[in-house]
Each structure stands twice: as C-alpha cells, then as structure tokens.
Amino acid sequence: MAITPEEAEGREAAERRARGLDWSKGHRLHIHNQIESRPGLIEADGASWLENRATGAVHLVCNCGYSSGWIPRREMPDPMHLKAEHGAPIESQTI
C-alpha cells in the first residue's frame with residue numbers, strides 16, 4: 001500500500017522530533033541600549049563628529065518572540081529570571 005507525500009512528511013517530522021532534530025526558534029536574548037546622537041562642534045578643518053549618549057532605556061528581544069519594547073533599564077526584569085527563561089543575554093555596546 002502506497003503512502004502519500006503528506007503521510008511520509010508526517011512520519012519524517014515525527015521521527016525528527018523523536019530524535020530532537022526538529023527546527024525550533026530557540027532562545028537568543030539581546031539587550032539593546034538606546035542611544036541618542038547630535039552633531040558635535042565643527043572643527044577648524046571643517047570636520048564634525050557625532051556625539052552619542054545612552055538614554056537609559058533598553059529593549060530586550062529574544063529569538064523566541066519575547067520583546068519588552070523600550071523600557072527604563074531600572075525596570076528590566078530580574079536577570080536571573082531572564083537567564084532562566086531565555087539563556088544568557090547578548091548586550092549591545094553602549095557608546
């Protein structure tokens with residue numbers, strides 16, 4: 001008796017899940033520090049640089065779909081809770 005491609009796909013997917021080979025989004029938590037910029041003073045040679053500073057806001061986003069939106073750093077969830085839920089965070093550089 002022949003099986004349909006859909007049935008074969010279902011069997012393969014079940015076998016992959018059983019062996020732990022199924023695709024998943026997993027966790028990869030990133031903490032982005034918000035910065036604001038403004039042009040610096042114009043130097044004698046005409047060059048100008050951007051000045052940057054941190055606003056104190058952070059945005060937590062994880063590959064699993066979690067997103068905090070921009071929140072004050074002091075309102076961040078407990079780091080131990082974040083690590084337990086999403087793994088060790090990857091923090092963006094603060095300028």
Side-chain angles (χ1 to χ4, degrees):
M1 178 174 166
I3 62 170
T4 66
E6 291 79 18
E7 290 172 321
E9 170 88 20
R11 286 182 186 173
E12 287 178 21
E15 288 174 13
R16 283 194 305 270
R17 275 192 300 278
R19 291 183 297 171
L21 301 175
D22 211 17
W23 289 96
S24 69
K25 290 182 182 73
H27 294 285
R28 189 162 184 189
L29 181 65
H30 290 265
I31 301 173
H32 298 281
N33 296 292
Q34 187 179 56
I35 62 166
E36 55 189 5
S37 304
R38 70 176 180 186
L41 298 173
I42 297 175
E43 297 180 5
D45 64 357
S48 179
W49 299 91
L50 281 180
E51 293 181 274
N52 298 312
R53 70 177 181 184
T55 65
V58 294
H59 184 188
L60 288 74
V61 62
C62 186
N63 194 52
C64 71
Y66 169 75
S67 176
S68 68
W70 290 109
I71 59 172
R73 180 175 278 280
R74 67 182 177 281
E75 294 178 15
M76 263 180 59
D78 176 59
M80 297 309 264
H81 174 76
L82 286 172
K83 187 173 182 180
E85 292 287 320
H86 304 282
I90 301 166
E91 189 151 354
S92 67
Q93 291 182 335
T94 303
I95 297 174

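- We find the OG-NE2 distance between S67 and H32 to be 9.0 Å, quoted to the nearest 0.5 Å.
- Other residues, nucleotides and ligands place no more than 12 heavy atoms under 6.0 Å from the CG atom of L41.
- Aromatic ring pairs are classed by plane angle as parallel below 30°, tilted from 30° to 60° and perpendicular above 60°; the pair W70 and H59 is tilted.
- H27 is not listed as a side-chain neighbour of Y66, based on a closest heavy-atom distance of 4.5 Å or more.
- Q34 and T55 share a donor-acceptor pair across their side chains, judged by distance under 3.5 Å alone.
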Tell me, with the steps shown, if H86 and C64 meet side chain to side chain contact (heavy atoms under 4.5 Å, CB included). CA-CA 8 Å; H86 304 282; C64 71; 3.6 Å; yes

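- Remark: the backbone N or O of L60 is paired with a side-chain donor or acceptor of S68 at under 3.5 angstrom.
- Under 3.5 Å, the side chains of N52 and R38 contain no donor-acceptor pair of N or O atoms.
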Tabulate below the donor-acceptor pairs under 3.5 Å that side-chain atoms of residues 74-83 make, not counting sequence neighbours, or state none.
{"from": "D78", "atom 1": "OD2", "to": "M80", "atom 2": "N", "distance (Å)": "3.4"}
{"from": "D78", "atom 1": "OD2", "to": "H81", "atom 2": "N", "distance (Å)": "3.2"}

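- Between I90 and R28, the closest side-chain pair of non-hydrogen atoms falls below 4.5 Å.
- Between the side chain of N63 and the backbone N or O of K25 there is at least one donor-acceptor pair closer than 3.5 Å.
- Here E51 contributes atom CD and S37 contributes atom OG; the two are 9.5 Å apart, rounded to the nearest 0.5 Å.
- In this structure, E85 has no salt bridge (Lys or Arg N to Asp or Glu O under 4.0 Å) partners at least two apart in sequence or on a different chain.
- Closest non-hydrogen pair, S48 versus G40, comes out as OG-O, 3.2 Å.
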